[in-house]
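To keep things clear, I will list the structure first and then write my remarks on it.
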There are 2 protein chains.
Amino acid sequence: MSKLDSGMMQIKCVEVAELLKSLAHPSRLMITCYLSEGEKTVGELQELCDISQSQLSQFLGRLYREGIVSSRREGQFSYYSIKSKDVLKMLESMQKIFC
Amino acid sequence: MSKLDSGMMQIKCVEVAELLKSLAHPSRLMITCYLSEGEKTVGELQELCDISQSQLSQFLGRLYREGIVSSRREGQFSYYSIKSKDVLKMLESMQKIFC
DNA sequence: TTAATATATTAGTATATTATAATATATTAA
DNA sequence: TTAATATATTATAATATACTAATATATTAA
């Protein structure tokens, strides 16, 4: 583990803390965990996560704005998935440690 | 990666989201990152993290209440360290991924 | 005992987040 | 075109968080 100088440390901590904040809610974490298995529609997520339509949509909107997920529309459905490899790695290592 | 049933999934997500929330602030993340190298005094952390005495103490208090760090007093100094192996693993894997 | 150092606590304001209900939009099926 | 389904947006009240300044406590040194 190479050490960062204090300036870089600050920058990294701001950046990573933002990611943690995005994930730091039971429902948002659950959403992203399920998405780590692969792309899902809003409806599928709603089944899996058991939260209200409005909240799910708001959480997805937030995760999207914060760059955690990407989305594509195909006809009636919106498909969401994890946007970055690093976030995926992070989700996987959390699953290894805690699940 | 074995799959959890939805009840266990809920429980794990609540638990891990709490941890993420504890770490989801640039200063709290920095504090815990430095502590992942080993026990430190409040004064040492203050040097390293460059935050006000009051905030540092409040953040340490919160991390303590939330079970992330443990502390011991030795004379004039308070020593803090990461309390759980799992949190340590988590911090290390974040460093591997993002630093 | 007093002063200095290390750390903790309290109070107050500003801002952010959560949850819910209501409403809006887009797409497909009848 | 209308109804139904899938998803998004807005408004709002309740709660939590962040930051600062001020004050308090405990320990050591003089």
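To find a chain, count down the sequence lines: A is the first, B the second, and so on, and within it residues start at 1. Every value quoted in this text rests on a predicted model; they were computed, and no experiment measured them.
- Between B:R28 and the phosphate of D:dA18, there is a side-chain N or O to OP1/OP2 separation shorter than 4.0 Å.
- B:L23 places its CG atom 16 Å from the C1' atom of D:dT17, with the value rounded to the nearest Å.
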Base contacts versus sugar-phosphate-only contacts with protein, heavy atoms under 4.0 Å: please encode nucleotides 22-30 of chain D as B, S and - from 5' to 3'. B----SS--
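- Within 3.5 Å, no donor on the side chain of B:Q58 pairs with an acceptor on the base of D:dT17, nor the reverse.
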Indicate every side-chain donor-acceptor pair of residues 10-25 of chain A with a distance under 3.5 Å to a residue at least two apart or in another chain.
from  : atom 1 : to    : atom 2 : distance (Å)
A:K12 : NZ     : B:F98 : O      : 2.9
A:S22 : OG     : A:E18 : O      : 3.1
A:S22 : OG     : A:E66 : OE1    : 2.7
A:H25 : ND1    : A:S27 : N      : 3.0

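- For D:dA18, the paired base is C:dT13 (Watson-Crick or G-U wobble, both distances below 3.5 Å).
- Rounded to whole Å, the distance from CD on B:Q55 to C1' on D:dC19 is 5 Å.
- In this structure, the side chains of B:I51 and B:I31 come closer than 4.5 Å at one or more pairs of heavy atoms.
- Atom pair B:L56:CG and D:dC19:C1' shows a separation of 14 Å (rounding to whole Å applied).
- For D:dT17, one of the phosphate oxygens OP1 or OP2 lies less than 4.0 angstrom from a side-chain nitrogen or oxygen of B:R62.
- One can place CG of A:L60 at 14 Å from C1' of D:dT9, the figure rounded to the nearest angstrom.
- For the pair A:T32 (side chain) and A:R28 (backbone), a donor-acceptor distance under 3.5 Å is present.
- Within the 4.0 angstrom heavy-atom criterion, no nucleotide atom of any strand lies near A:Y64.
- The side chain of B:K21 contributes no N or O atom lying less than 4.0 Å from OP1 or OP2 of C:dT17.
- Between B:F59 atom CZ and D:dA16 atom P there is a gap of 17 Å when expressed in whole angstrom units.
- Closest heavy-atom contact between A:M30 and A:L48: SD-O, 4.3 Å.
- With contacts defined as side-chain heavy-atom distances shorter than 4.5 Å, the pair A:L88/A:E92 qualifies.
- Each of B:G43 and A:S52 was matched to the nucleotide of DNA chain C holding its nearest heavy atom; the match closer to the 5' end belongs to B:G43.
- Rounded to whole Å, the distance from NE2 on B:H25 to P on D:dA16 is 18 Å.
- Put simply, the side chain of B:K83 does not reach to within 4.5 Å of the side chain of B:V69, judged on heavy atoms.
- A:S78 comes within contact range of the sugar-phosphate backbone alone, with a heavy-atom separation under 4.0 Å but no base atom that close.
- Atom CZ in A:R65 sits roughly 10 Å away from atom P in D:dT10 (whole-Å rounding).
- A straight line from CD1 of A:I51 to P of C:dT17 spans 17 Å, rounded to a whole angstrom.
- Across all strands shown, B:Y80 has heavy atoms under 4.0 Å from sugar-phosphate atoms exclusively, and none from any base.
- Side-chain contact check for A:Y79 versus A:S71: every heavy-atom pair is 4.5 Å or farther apart.
- In this structure C:dT28 sits in a base pair with D:dA3, meeting the Watson-Crick or G-U test at under 3.5 Å.
- Contact record, B:Q76 with B:R73: O-NH2, 3.5 Å, taken as the closest heavy-atom pair.
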